[in-house]
Amino acid sequence: MTRLQSRGIPTETRKIVRYSYLDRQFAGPAALRTLFEGVESVVKSGQFTLGKEVERFEAFLAARCGARFAVGVASGTDALILAMRACGIGDGDEVITAPNSFIATAGAIAQTRARPVFVDVREDYTIDPAQIVGRITPRTRAIIPVHLTGLPADMDPILDIANRHRLHVIEDASQAIDAVYRGRPSGSLGVAAAFSFHPLKNLNGWGDGGAVTTNSEEIAEQLRLWRNHGLVNRDECAFFALNSRLDSIQAALLLKLAENMDDVTEKRIRNAALYDHLLSDLQPFVTIPPRREDVRQVFHTYVLQVKFRETLIPFLSDRGVETKVHYPIPIHLQEAARHLGYRRGDFPVSERQAGAILSLPIHQYLEEDEIRYVADQIRQFYSNCALPS
Ligand SMILES: Cc1ncc(COP(=O)(O)O)c(C=O)c1O
């Protein structure tokens, strides 16, 4: 008897369901050929920095987001930093964001020398607008709502607060290309929005990449300076800045990969709906966050809350299902945030969720039987647990 059979799974029904999809996305010469064409055109042109491919990608992204401008930069983190810089945020300012994001959101704020100020999240993992006003001080300059998991934050009340208090709203849309809030695409909702094209994002390059979208010509112009040494032209520099250009080869790849964007988005939404359906009766062991009617959530991640997570993860792994936790330590409890003075208990929702969240494989290459298999394994795990009466 094999080890797996002894665990109740005959080897012939066992599947391997990996979290990452890169092995499928770039499998085979056909998938690579068109991508290499894009790379070849950059190499042949000799235009390795900025140039035509970056401009074409920026035009694509701006149109996709319903924004007037997009400016390609080196990463999502730089997109956040430069968006803040272009809004004049820096030393001594405070910027409000959520503590349950990827560390880069707060890291970017700190890199501008502003202070991250956290506000707890709702059950759907997005910042709670009702708690924002209480954190505004005379130093507050901006709010960065994070569209975590690909779900837009509740932007209308946030924009309303920002208007009343004269604050900038910069979307952290790193996980949210193609997401829509009340008919408006992510990337068009605030004064600027940051996107990431990290290899594991829904639109993913072969390395780091990012962009800022904005409707403001002035901010777009500032961003173009900030990403390119502050150079107005070849010889004249307006201010000291960075080299944070979107790599031209990445831009060429992203343009090719973007041709499948509709498919990527639709499949992730379809996969999530199937999981929701298959797992909905596993309450209270499995909690699916509330699904909102006023958004299109694009499921960069599919994040449940589960009981007995530390046992469930190895159980699923033994059955070939790879899972992740995004993110197990809220930012305010990280060593890096110690100087900000937060304590455990300050953000009860984020802290409770951090102990229970689990990300299932959700990518666009999953087959229906793989999703059913994952759901079956979760069901099996809880089959011996008694429901509380
Ligand atoms: C919510 C969020 N913000 C910021 C970032 C930073 O993006 P990057 O890794 O491209 O710097 C990421 C992704 O990694 C993210 O998920």
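Both counts, for ligands and for their atoms, begin at 1 and track the order of listing.
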Test of understanding: with salt bridge (Lys or Arg N to Asp or Glu O under 4.0 Å), list the residues that count as partners of Arg141, not counting sequence neighbours.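 Here the qualifying residues are Asp93.
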Ring centre gap for Phe102 and His326 strictly below 6.0 Å: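 Ring-ring flag for Phe102/His326: false, centres at least 6.0 Å apart.
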Inventory of protein N or O atoms under 3.5 Å from ligand 1 N or O:
from, atom 1, to, atom 2, distance (Å)
ligand 1, 3 (N), Asp172, OD1, 3.3
ligand 1, 3 (N), Asp172, OD2, 2.8
ligand 1, 3 (N), Ser174, OG, 3.3
ligand 1, 7 (O), Ser196, OG, 3.4
ligand 1, 10 (O), Gly76, N, 2.8
ligand 1, 10 (O), Ser196, OG, 2.7
ligand 1, 11 (O), Gly76, N, 3.3
ligand 1, 11 (O), Thr77, N, 2.9
ligand 1, 11 (O), Thr77, OG1, 2.5
ligand 1, 14 (O), Lys201, NZ, 3.0
ligand 1, 16 (O), Gln175, NE2, 2.9
ligand 1, 16 (O), Lys201, NZ, 3.4

Mind telling me whether Phe197 and Phe57 have parallel, tilted or perpendicular rings, with 30° and 60° as the class edges?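 It falls in the perpendicular class, over 60°.
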By side-chain contact (heavy atoms from CB on, under 4.5 Å), which residues pair with Ser248, not counting sequence neighbours?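 Listed in chain order: Val42, Val54.
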Kindly determine whether Glu171 and Ser186 satisfy side-chain hydrogen bond (donor to acceptor under 3.5 Å, both in side chains), including the steps that lead there. CA-CA 8 Å; Glu171 300 169 73; Ser186 65; 4.9 Å; no
Quick one: ring pair (Phe, Tyr, Trp, His ring centres under 6.0 Å) partners of His363, sequence neighbours excluded?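 So His363 forms a ring pair (Phe, Tyr, Trp, His ring centres under 6.0 Å) with Tyr21.
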